[in-house]
Structures are given as C-alpha cells and as structure tokens.
Amino acid sequence: MDTAVRADFKEMTEASQQDWELIAEHARNFWEGLAGRILDHLRLLDGDFGGFPVDRLQHSLQTATLAHQDGRDEEYVVCALLHDIGDTLGSLNHADLAATMLQPFVSEKNYWMLKHHGIFQGYYFFHYLGKDRNARDQYKDHEYFNYTAEFCHKYDQKAFDKDFTPMSLEEFTPMVERVFAQPKNSLYL
Ligand SMILES: [Fe+2]
Ligand SMILES: [Fe+2]
C-alpha cells in the first residue's frame, strides 16, 4: 500500500466514505506494527536500574521467565513481561499504563492484575517507606485478590536476582506478537 496516499479533508465534517476506507486501511497496517512498537518501548528499560540489583528490562525478563517456567499460559507470560513497561512514561502510575495497553488483548482477570499489581507489590516494601504494606487489603474481597497477590509473590517480587539469566527478549517476541495479533475488544473494531 502506498503510504503517501492520503485523505484530502481539512475538517472531519468534509470527509467521505472513500477517505475513511483509506484511513481504516492505514490503521490496520499500523495495528500490525503494535507488538514491534511495544517491544521497542520495553527496550527503553534496558540499563535503567533505579538503585535495584538488576535493571528494569532484566526484571521484566526475569518476571516473565519465572511465569513461563511455572507453566503459565502465553497471555499471562506476556502480561508478566510487560507489567512494568509504564515505568518510563507513567513513573507515578506505571501499573495503569501496562493495564491500559494490554486491555484490548487480555482477559478481564489479567487486566485487573496488571492494573493493581503496584499496590499488591507494595506489600513487599511500602513499610520501608513509611506506608502501609497492607494497603492491598482494600481489595481483600475482590475475586482477583489472590490471583494478583500470587503474581507478585511468585514472580514480580522474585525477579531481582543478578545471578539469574532469564530468557531473552527475542525468545518472548513471538509470544508478544501472537497476543497482540488477536484483539478481543476495542471501540475501533
Ligand atoms: Fe510494577
Ligand atoms: Fe515489577
């Protein structure tokens, strides 16, 4: 497709059916590149230690590797890989970014886990910062409480081991591509 072909309106009120068919075709091509753009963004975490024993890319790879080795399904492993991708742009609400990016492609359960993993992970360190480590208990009756607590306990809080060599980003790439190839819900579908 010729990417130089463009619609010719100045205001949306002037657009035609033909314009929107053209734009929709461009959008489908753009969506196909989403997994690649996300992986490029994940690479920004490389070398970003923030005082931790391993950098944020290593932490992401370790989290995903632990989940994979524990037999988790592909969607879960991809959530584990991308759970902290929001650290660069959402430094004060990183969990929301991963959740929002993955929402069209994952179950409601995995979306909830991503969105709330920050407060659940706080169980392991909030008390060192003068905060309540049990802040997650506000969700104690939620159906996904145990599911999210398990993610943090088994994978997220364990993934800071500088002596552990995780699977590579290249090994996870086909998994990311498969998950992002199958949107489940979106306003634009
Ligand atoms: Fe996180
Ligand atoms: Fe994490």
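We count ligands from 1, going down the list as the structure has it; atoms in each ligand are counted the same way.
No side-chain heavy atom of Leu66 sits less than 4.5 Å from a side-chain heavy atom of Lys154.
For the pair Arg133 and Tyr123, the cation-pi criterion (under 6.0 Å, within 45° of the ring axis) is fulfilled. Note that Arg72 lies in the cation-pi zone of Tyr76, set by a 6.0 Å cut-off to the ring centre and a 45° limit from the axis.
Listed by first and then second residue, the ring pair (Phe, Tyr, Trp, His ring centres under 6.0 Å) pairs that reach into residues 168-189 are Phe105-Phe180, sequence neighbours excluded.
Only protein atoms were considered; those of element N, O or S under 2.8 Å from the Fe ion (ligand 2) number 4.
Following chains of ILVMFWY side-chain contacts shorter than 4.5 Å, one can reach Leu39 starting from Leu45, so the two form part of one hydrophobic cluster.
For Phe120 and Phe145, the ring centers are positioned less than 6.0 Å apart.
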